[in-house]
Every structure is written in structure tokens, then in C-alpha cells.
Number of protein chains: 2
Amino acid sequence: MNIDIRMAHLFSALSDDQVRQVMESSHTGTLKDGESLFETGDEANRFFLVIGGQIKLFRVSSNGDQKIIDIIQPGNTFAEALMFMEHPIYPVSAEALGPARVISFDNRRFLQILSESIDVCFRIMGTMSQRLRGLIKEIDDLTLQSATTRMCAMLLRRMEDVGAKQFTLPAAKGVLAARLSMKPETFSRILQNLSTQNILKTKSNEIQVLDEDLLRSLAHLESIYGLEPEKPCALKGNNVSIDLNQKTG
Amino acid sequence: MNIDIRMAHLFSALSDDQVRQVMESSHTGTLKDGESLFETGDEANRFFLVIGGQIKLFRVSSNGDQKIIDIIQPGNTFAEALMFMEHPIYPVSAEALGPARVISFDNRRFLQILSESIDVCFRIMGTMSQRLRGLIKEIDDLTLQSATTRMCAMLLRRMEDVGAKQFTLPAAKGVLAARLSMKPETFSRILQNLSTQNILKTKSNEIQVLDEDLLRSLAHLESIYGLEPEKPCALKGNNVSIDLNQKTG
DNA sequence: AAAATTGTTTGACAAAGGTCAAGCTGTAAA
DNA sequence: TTTACAGCTTGACCTTTGTCAAACAATTTT
């Protein structure tokens, strides 16, 4: 199993020799489903590269709820931004979503390499700046948008990733619900409503989009891409015909 | 008006000569209250340093609401993270909150300097990593916490900044409300409730904290710092004795 | 100082989501 | 295959926050 870590953007500018150096301080491990990698508040002197499975980053509220901040896919690094802090502490917890394989790297060692290569610095800064953008977008979603909007945006993203109107949900429904900051019940009800409106068909974890345009207008994509605010559309966003609690019918 | 831009963390590692170079491509400007600096979606080839007043960064939803992402104080830079992207686009809009003075810098020129100084690179990465941490914390607040919690956390932060139990709100109430992702009405009602509970006294924009402990437990600080979840406290967090809508009394 | 503007508070109400409890389904173990 | 368990769905109900409208306050303009 000779993996070239240069598949990760972060490492892509390293020379053969530098890769060798980095790998020296690395450690490859396998995680079982649900196994923890680190927790919020732990001292952070390593960062990670996912090479198989998925790692979920999350925070836990005082009442036990968890909000999933991100789900890291193979080929991606995470927690590398902490390297530059004085007393680095993981701001989130990380655990495997299903069985997973990760490589961990020593911050100090990597900083050393960094200090010799402006090129690698620039990569890192690029990665970090993308991540910043992603988080701002996330805040956007959370504050400016309703649960239905978030759901539709997620479905569209998935549809575009897969490139087909029919696809499987990328994780268990409960997990997706947490990712979208809603309860499983709400998730379920929204899907149910989208079905009723003939916007999509669902069969267990299979989704088939029937009315892409409607889905798209529910997802309010204008706001994300900064286009015109008011669209001449029968359903306008939140207070759509979609009724979550259609009281005793 | 000879300002040393090295007061900003970002520039603090520059040599005299580098400062001169950076300043060459800079432009200092004054903004009136509410004047716009750039808008979401604009091409981003400059970044900024606030030297007077405040700049608010915000996003606008399709129904016209604005969510304030951050309020930048004098001495701080913003939008510098975009410098590392392919086709940089401002992800937020920026405008002056009251009269303000800012210096803007050319991305390309600064990147050039950056490519000569690893030291400055490290500063930038430090700044970015702090900002990442801040945003994660923000997402936390937004999803895991109630409006009352956010309000209390803000008041405590302000109290600690000022170093006294009595202080002035750092901006108009409406602005603070947007910063905390709530409506002005909600903001008003929460303050009103905290008063009723004798947790604080308010007189226009002056706040006096009466019961710091209570305020602190309402702010749920445990979750932020990752301490024990359940505190043996009469008021536990959200569904506290504090009743927002104390039905027809 | 009076008028106009802008920001804040209050009340009645509506809507979106959360909570709790029960029932259902599908996979995995026995 | 039956059993067991985790995950999903559904219904009834509750809480939080938003909405709209009106009153009030505080500034600013004239």
C-alpha cells in the first residue's frame, strides 16, 4: 500500500525528498465505525489525511446534540490550519463514519518543511482560504435559510456531483440531518413533503428528482450566487405551499 | 498622517523596505456612514486595513434581511484570504458602520512580497487559522444555541473587553441584533427579560450587569470551552425561567 | 422649538422546528 | 426463519422566534 500523499492538494507541491521527510513523522491507522480520532479541546499537534472512508467533524452541545461541521472525504486533509496557532486545540471532535483509514502527520515536522518552501506555503494558504469561504457559505445557509432550503440545496449538490437525477443519499438520513442542522424528524418530514408535491420520489435511500426546476427554486440558489433577489416564481422560497405541519387534515 | 501598517498582525513582520513597497500600491480612503466598500460577488483584487471607525461584513438574503458576519475594528485587516484564490470574489459585502477610514492594498503586489518572505507567510497563515476558528465558533453559536444564549455570550464578551460590569453597547441595538442573527424585536424582548429577572439593568445603550454568575450560566460557556455539560444550576440554559412570551399575564 | 426621521419597544399572532412517544422497517444476528 | 435492534416515520403538542402594526423615544433637520 504505497500511497502518494501528493494526491492531496496540500502536499502536491512537495519534492520526492520532502515527501520522504513528511512520511517519516507520519502514522497510518484504521478506524472502526464511530471510532474517535480526537475530541474538542484536545491538544492539536497532528493533522490528518483521509485515505479511505469518511471522517466526520462535529461539535457537541451541552444537551448532547451534535452538529456536524463537515464530512471529510478521501484525499482531503483536515486540522492542518491549527498548526499555526500558539497552543493549538482541536475546535471540533472527529470520528469515523463507517470504517476509515487516515494518515496523521506531525505539525512541527511539517512546519519545518514549510519554512523551506514558499510554494507549499502558498498551497496551504489556498486551502485555508477555500475553507474560509466554505464556512461563510455555511453560516449563510444556517441563518438566511430554512430547513427546506438547506435540504433542497443538499439534494441539488448531490445531484450535480453524481450527474444524474437519480442517486443514493451520501450517508444515513440521521447523519445528513445533523449535517444540515435539523432533527431526523424534520428531515423525514421535509422529504415526505417534497414527495407529496411530486418534486421527487424516494425509496429508502434512493432519491429520484422529478422536478428539478422547482427543487432549484426552493433551494434559493440566487442568494448563494448573488443573483437577483426576487424571481417571478409561483413558489417563493420559504413560506411555500409546502406545509410542514398540515394540522389535523 | 503617517500610519505604520505594522500595527496590523499581518504586516508586523515586514521590513522597512517591504512596507514602502506595499504602501506604493495602497490607497487610503474615507467612508461615510453606510457607504459601501464592495459587494458580494465583486471581483476581489484588493484587501483592506481598517484604520478608523468600523466596517461591517454582511450577506443579504433573498428577502432583504442582512446577516452581519463580522464587524472589523481599527488595526485589523480583512479579505486578505481571498488573495490565494484563482478567481477571487468577495463572499460578503462590506460597508462603513459610521464614518470610517481604510487602506486598501493590491493583492498581486502583496503576493510578490509574500513570495520573498516565509515569515510573512507564516503570519498570514496564523491570521487565517484564527479566523477559521472564529467561524467554527460562530457556526456553533448559531446552531447549538438559542437567541438568549447568544445575547448573554455577547454581553459577557463585551463586559470582559471593557473590564467593568457597566458598559455601553458597542453598536446600535438593531446592528447588534443582526450580528446575533435575530430580529430587533427579539433582541429587545430578551434584554427586557434579563432586566425583569434582575440579571442586568439597562438605560438606553448603557448596560449594567447585576448578576454575572447567572448571566454566565445562561451563556452556556461550558459548551464553548468544552467543560462539563451539566451544571448543577437552577437555570439550565434555554428553557430557563426566562419566558419570552409570558402569555397574557 | 417644531417637524420629520429613524430606531426601539410592545402586543397579538403565526410559522418553523423541536420534543416525546409510539409504531414501522429493514438489516443483522441467532 | 425468527428475533432483536437500530434507524426511520408519524402524530400530537409545545417552544422559540419571526411578523405586522402601532406606539413611543431619540435624533436630526428645518
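First the proteins, then the strands, lettered A, B, ... as listed; each starts at 1.
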Original post:
Between B:D33 (CG) and D:dT28 (P), how many Å, whole number?
Top reply: 11 Å
Subject >> Check ion pair A:R216-A:E160 (N to O, under 4.0 angstrom) >> reply: yes
Original post:
Roughly how many Å is it from CD in B:Q145 to P in D:dT17, rounded to a whole number?
Top reply: 11 Å
Original post:
Rounded to the Å, how far apart are B:L169 CG and C:dG7 P?
Top reply: 16 Å
Original post:
To the nearest angstrom, how far is B:K183 atom NZ from C:dT9 atom P?
Top reply: 16 Å
What protein N or O atoms touch nucleotides 3-10 of chain D N or O atoms at under 3.5 angstrom, if any, and at what distances?
{"from": "D:dC8", "atom 1": "OP1", "to": "A:K173", "atom 2": "N", "distance (Å)": "2.9"}
{"from": "D:dC8", "atom 1": "OP2", "to": "A:G174", "atom 2": "N", "distance (Å)": "3.2"}
{"from": "D:dT9", "atom 1": "OP1", "to": "A:K173", "atom 2": "NZ", "distance (Å)": "2.9"}
{"from": "D:dT9", "atom 1": "OP2", "to": "A:S188", "atom 2": "OG", "distance (Å)": "3.2"}
{"from": "D:dT9", "atom 1": "O5'", "to": "A:S188", "atom 2": "OG", "distance (Å)": "3.2"}
{"from": "D:dT10", "atom 1": "OP2", "to": "A:Q192", "atom 2": "OE1", "distance (Å)": "3.3"}

Original post:
For residues A:K56 and A:Q66, is any side-chain donor paired with an opposing acceptor at under 3.5 Å?
Top reply: yes
**OP:** Say whether, by atom type as modelled, one donor and one acceptor occur between the side chain of A:T40 and the main chain of A:S93 under 3.5 angstrom.
**Re:** yes
Original post:
Rounding to a whole Å, what distance do you find between B:R150:CZ and D:dT16:P?
Top reply: 13 Å
**OP:** Taking atom CD of B:E43 as the centre, report whether more than 12 heavy atoms of other residues, nucleotides or ligands fall under 6.0 Å from it.
**Re:** no
Original post:
Do side-chain atoms of A:D211 reach the backbone of A:I199 as a donor and acceptor pair under 3.5 angstrom?
Top reply: no
Subject >> Terminal helix-axis angle for the helix from C:dA1-D:dT30 to C:dA30-D:dT1, with five pairs defining each axis and rounding to 10 degrees >> reply: 40°
**OP:** Kindly determine whether B:K137 and B:D141 satisfy salt bridge (charged side-chain N to carboxylate O under 4.0 Å, His left out), including the steps that lead there.
**Re:** CA-CA 6 Å; B:K137 159 90 174 49; B:D141 282 358; 2.7 Å; yes
Original post:
Sub-3.5 Å donor-acceptor pair from the side chain of A:S188 to the main-chain atoms of A:P184, do we have one?
Top reply: no
**OP:** Would you mind reading off the distance between B:D141 atom CG and D:dT17 atom P, rounded to a whole angstrom?
**Re:** 13 Å
Subject >> Of B:K67, B:R150, B:E138, the residue whose pairing with B:S181 passes side chain to side chain donor-acceptor pair (under 3.5 Å) >> reply: B:K67
**OP:** May I have the distance from B:N193 (atom CG) to D:dT17 (atom C1'), rounded to whole angstrom?
**Re:** 13 Å
